[in-house]
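Just so it is clear, the model here is predicted, and its values are computed rather than measured. First listed ligand is number 1; within each ligand, the first listed atom is number 1.
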Amino acid sequence: MLYYSTRSLNKKVTSSEAIINGIAEDGGLYVPEYLPKIENLKELLDLNYKQLACVVLNKFFTDFTKEEIKECVYNAYNEKFRSNEIAPLKKCEDMYFLELFHGATLAFKDMALSILPHLMTTAVKKHKLEKEVVILTATSGDTGKAALEGFKDVEGIKIIVFFPRDGVSDVQKMQMITQVGNNTHVIMLEGNFDDAQNGVKEIFVDQELKDQLLEKNIILSSANSINIGRLVPQIVYYIYAYMNLVRNKEIKLKEEINIGVPTGNFGNILAAYYAKQMGLPINKLICASNENNILTDFINTGVYDINRKFKTTTSPSMDILISSNLERLLYEITTKDSGVVTSYMNSLKNKSAYKINEKQISNISDFYGDYAKEIDVTNAIKEVYEKYNYVIDTHTAVAYHVCKNYKNISKDNKKIVIASTASPFKFAGSVYRALNKCNYEYNDFEFINKLSEDFNIDIPSPIKDIDKLEVLHQQVCLKSTMKETVCRMLKV
Ligand SMILES: *Cc1c(COP(=O)(O)O)cnc(C)c1O
C-alpha cells in the first residue's frame, strides 16, 4: 500500500515515509491509494483491542513487518490505559457511548498518540535516517498534551507544542505547562487554534527552513491528525465498538449502525468514514459541531466558507474553522481528483471559501451534519445524567444533542454509537455548572473536586492534584514569530 498526496498523484511514498514526513511536500495530506476491505467481519468478532489493532494496521502500514506492528501496538495499549478493554461502551438505551478517554491525558487523542511515537521511531530505524526528528504540533488543547505524553523522553525525537493561550481550559493548560521530559517544549500562542495550525503548516512547507534544518541533521514531522499515522489507529475503535455490540447481542452481524462524532478537525469522523469504506456496516456518519458550525453548513449546502466569526465555546477542542482532514474527504468525493482538491484548497486560501459541485454533494450523503448551541450542550449533560445517571463531557454532549435530533427528524431507529471524546473531568467547570445550575466562581481545579464529591465519581489519576505540579513552560509567542521561535529553540 502506497500513499499519495491529496494534491498530486505523481509521487507515491510508503507508509513509513508518510508517517515520518507528516505532511506532503506540496502541502497536501497523505492518503492511502485505496481503502482495504474487511474480508470477513465474523473473523474479527473475538479479537481483543490489541489483536484488532494489529489486523487493521497491517492492512495500511504494509512496509512495517507484522512483528513491528505488534510491538508498536503492545507498547501503546498497555497499563497506561485505565480500562482493560481500552475503549469500553456505555449503553444508554439505543445509544452507546464509546469511551475513548481512558488513556494518559483523558481525551480520545490518546488512542492514536499512544502509538504514533512507536510507529515513528520504528519508521526512522527502518530508513536508517540517523537524524533528529522534531515533532511540531498545533493544539486546540487535547492533542498537545497527548502528543507530549506520547513523545516525552523518546530517544531521537524532540517535540514542540503551540497552544492558543486563551483558547484552552485551565486543566488543559495546566496539563501542558507542567509537562516533564527532557525533549519537550510548550509555547503559548497569542491567537486561536487556526492561527496555531496555519503557522505550523507554513513552517512545514518553508523550503528554506527545511534546508537549514537538514544541515543540522533535523527533520520536521507532525503529530496532528494530518499525520496518517494518527488517522489509521482511530479506525480500530469503530470496528471494535461494532464487534462489541455484536458480541453483546445488541445487534446482529452485518446490521447497520449510525456513528455520531463531535467534530473539529474532521480526523475522528474521517476514521469512521474510512471504516465504512472498508466495509463496516455503518449507515450515517453524524457530524456534530458546536457553534463553530462551518461543517454543518458544508454538509448541508456544499459551501465551505470561513468568513464568519470564530466563537469560543465550552467545547474548546472543537473551536475550529479550518478542518484540515476535510481535504482527505474531498479527495475521496472528487474520485481522487487532486487537481480539483488543489483548486478548492487554493480557493480556501485566497477567498476563504470554496463550493463543491452537485455530484460531489451527492457523494457526501453518508454524512448528516448539525450543531449544538451552548444551551443545548448544558441541557444534554443534564438530560443524560438524569436519565442514565451518567456524566458526559461537553464535547460528547454536542454529539448527543445532534444524534438525538437526527433520530427525531429522520425516524431512523438504528443503534447509534457516539464517540465519547473526553472525560468530564477534563472540562469539569462546564460540566459541573450544567449539572448544578450553579454560578459559583470556583476555578477548574476546585470544580474537579466538586464533580467527584457531588456525583460520586473517582478523579482519574492523571489529573489528581494537577494544580500542585510545578510550572515548567512559560514562553509566549506571537503569530508572526512562530518560525523565529522554532529556529531559536533548534539553534538554527
Ligand atoms: C480533538 C477533539 C475533538 C475533535 O476531533 P477531530 O478529530 O479534530 O474532529 C472532539 N472532542 C475532543 C475532546 C477532542 O479532544
Side-chain angles (χ1 to χ4, degrees), residues 29 97-113 116 137-149 161 163-164 167-169 171-172 175-176 193-194 196-197 222-228 230-235 237-238 259-275 285-290 292-296 298-299 313-329 367 369 371-372 377 381 392-402 418-428 430-431 460 463:
L29 308 189
F97 291 94
L98 173 58
E99 296 185 350
L100 302 173
F101 52 75
H102 295 289
T105 75
L106 313 191
F108 92 93
K109 306 293 196 293
D110 291 321
M111 301 302 295
L113 283 163
L116 182 65
T137 290
T139 183
S140 57
D142 293 330
T143 294
K145 179 61 183 181
L148 288 161
E149 274 301 308
V161 169
F163 74 87
V168 301
S169 78
V171 173
Q172 288 176 318
Q175 279 184 312
M176 286 189 278
F193 171 69
D194 288 314
Q197 177 158 262
S222 165
N224 281 98
S225 54
I226 51 179
N227 194 315
I228 193 74
R230 249 191 75 179
L231 213 49
V232 171
Q234 295 181 353
I235 298 170
Y237 46 75
Y238 292 112
I259 289 187
V261 185
T263 297
N265 222 357
F266 210 76
N268 204 8
I269 197 164
L270 185 74
Y273 174 80
Y274 279 179
L285 299 152
I286 301 169
C287 177
S289 299
N290 64 22
N292 294 293
N293 57 355
I294 190 161
L295 287 166
T296 307
F298 173 71
I299 289 167
T313 72
T314 52
S315 44
S317 304
M318 296 157 67
D319 289 345
I320 292 174
L321 292 182
I322 304 177
S323 299
S324 291
N325 273 294
L326 197 59
E327 182 168 344
R328 287 190 167 109
L329 181 69
F367 289 86
Y371 74 104
V377 175
I381 292 171
I392 57 173
D393 101 290
T394 47
H395 302 74
T396 309
V398 167
Y400 174 81
H401 170 81
V402 169
I418 297 178
S420 181
T421 50
S423 155
F425 283 98
K426 202 154 189 185
F427 304 94
S430 306
V431 171
I463 55 162

S.K.: So, regarding S140 and ligand 1 (criterion: nitrogen or oxygen to nitrogen or oxygen, under 3.5 Å), is there a contact or not?
M.R.: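 N/O-N/O distance below 3.5 Å does not exist for this pair.
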S.K.: Is the closest side-chain donor-acceptor distance between N265 and S323 under 3.5 Å?
M.R.: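 Distance-only check fails for N265 and S323.
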S.K.: State yes or no: are the ring centers of H395 and F108 separated by less than 6.0 Å?
M.R.: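 So the answer is no for these two rings.
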S.K.: To which protein heavy atom is atom 11 (N) of ligand 1 closest, and what is the distance rounded to 0.1 Å?
M.R.: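 In this structure, atom 11 (N) of ligand 1 has T421 OG1, 2.8 Å as its nearest protein heavy atom.
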S.K.: Measure the distance from atom 1 (C) of ligand 1 to every protein heavy atom, then report the residue, atom name and distance (to 0.1 Å) of the closest one.
M.R.: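 Of the protein heavy atoms, K109 NZ, 1.4 Å lies nearest.
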S.K.: Just jot down the ligand 1 atoms closer than 4.0 angstrom to any heavy atom of A422, in number order.
M.R.: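 The list of qualifying atoms is 13 (C).
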S.K.: Using a 4.0 Å heavy-atom cut-off, which part of F108 comes near ligand 1: side chain, backbone, both, or neither?
M.R.: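 Looking at F108 and ligand 1, just side chain atoms fall under 4.0 Å.
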S.K.: When you measure from atom 10 (C) of ligand 1 to every protein heavy atom, which one gives the shortest distance, and what is it?
M.R.: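 For atom 10 (C) of ligand 1, the nearest protein heavy atom is P262 O, 3.5 Å.
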S.K.: Indicate yes or no: at least one non-hydrogen side-chain atom of R230 is less than 4.5 angstrom from one of T143.
M.R.: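 Result yes, sub-4.5 Å side-chain heavy-atom pair found.
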S.K.: Quickly, which of T394, D319, N292 forms a side-chain hydrogen bond (donor to acceptor under 3.5 Å, both in side chains) with T313? Name it, please.
M.R.: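 Output: one option passes, namely D319.
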S.K.: When rounded to the nearest 0.5 angstrom, what distance separates CD in E99 from CD1 in I392?
M.R.: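 Rounded to the nearest 0.5 Å, the CD-CD1 separation comes out at 11.0 Å.
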S.K.: Answer with side chain, backbone, both or neither: which part of M318 has a heavy atom less than 4.0 angstrom from an atom of ligand 1?
M.R.: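 Looking at M318 and ligand 1, just side chain atoms fall under 4.0 Å.
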S.K.: Would you compute the distance between atom CD1 of I269 and atom CG of L295 and round it to the nearest 0.5 angstrom?
M.R.: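 Taking CD1 in I269 and CG in L295, the distance rounds to 8.5 Å.
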S.K.: Give me the residue, atom name and distance of the protein heavy atom closest to atom 7 (O) of ligand 1.
M.R.: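 Ranking protein heavy atoms by distance from atom 7 (O) of ligand 1, first comes N268 N, 2.8 Å.
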S.K.: Say whether F427, considering both its backbone and side-chain N or O atoms, lies within less than 3.5 Å of an N or O atom on ligand 1.
M.R.: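 No, there is no polar N/O contact under 3.5 Å.
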S.K.: Give yes if a backbone or side-chain nitrogen or oxygen of G267 is under 3.5 Å from a nitrogen or oxygen of ligand 1, and no if not.
M.R.: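 There is such a contact, yes.
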S.K.: Taking N or O atoms only and a 3.5 Å limit, does D393 qualify as a polar contact for ligand 1?
M.R.: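 No - when backbone and side-chain N and O of D393 are compared with those of ligand 1, no distance drops under 3.5 Å.
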S.K.: What distance separates L98 CG from M111 CE, expressed to the nearest 0.5 Å?
M.R.: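 Going from the CG atom of L98 to the CE atom of M111 covers 7.5 Å.
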S.K.: Do F367 and F266 have ring centroids that are under 6.0 Å from one another?
M.R.: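 Distance test on ring centres: under 6.0 Å, yes.
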S.K.: Just checking, is any N or O donor in the side chain of Q197 or N224 under 3.5 Å from an acceptor N or O on the other one?
M.R.: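 Note: Q197 and N224 side chains miss the donor-acceptor criterion.
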S.K.: So which heavy atom in the protein is nearest atom 8 (O) of ligand 1, and how far is it from that ligand atom?
M.R.: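 In this structure, atom 8 (O) of ligand 1 has N265 N, 2.7 Å as its nearest protein heavy atom.
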S.K.: Which of the atoms in ligand 1, numbered in the order shown and given with their element, are less than 4.0 Å from a heavy-atom of F266?
M.R.: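 Per the distance check, 6 (P), 8 (O), 9 (O).
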S.K.: Counting both backbone and side chain atoms, is some N or O of T263 under 3.5 Å from an N or O of ligand 1?
M.R.: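 Min N/O separation from ligand 1 is not below 3.5 Å for T263.
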S.K.: For atom 4 (C) of ligand 1, what's the nearest protein heavy atom and its distance?
M.R.: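 The closest heavy atom on the protein side is G264 N, 3.5 Å.
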S.K.: Less than 4.5 Å apart, any side-chain heavy atom of T396 and any of F97?
M.R.: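 Contact flag for T396/F97 side chains = yes.
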S.K.: So for ligand 1, is D142 a polar contact partner (N or O within less than 3.5 Å, distance only)?
M.R.: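 The answer is yes, given that D142 and ligand 1 share an N or O pair closer than 3.5 Å.
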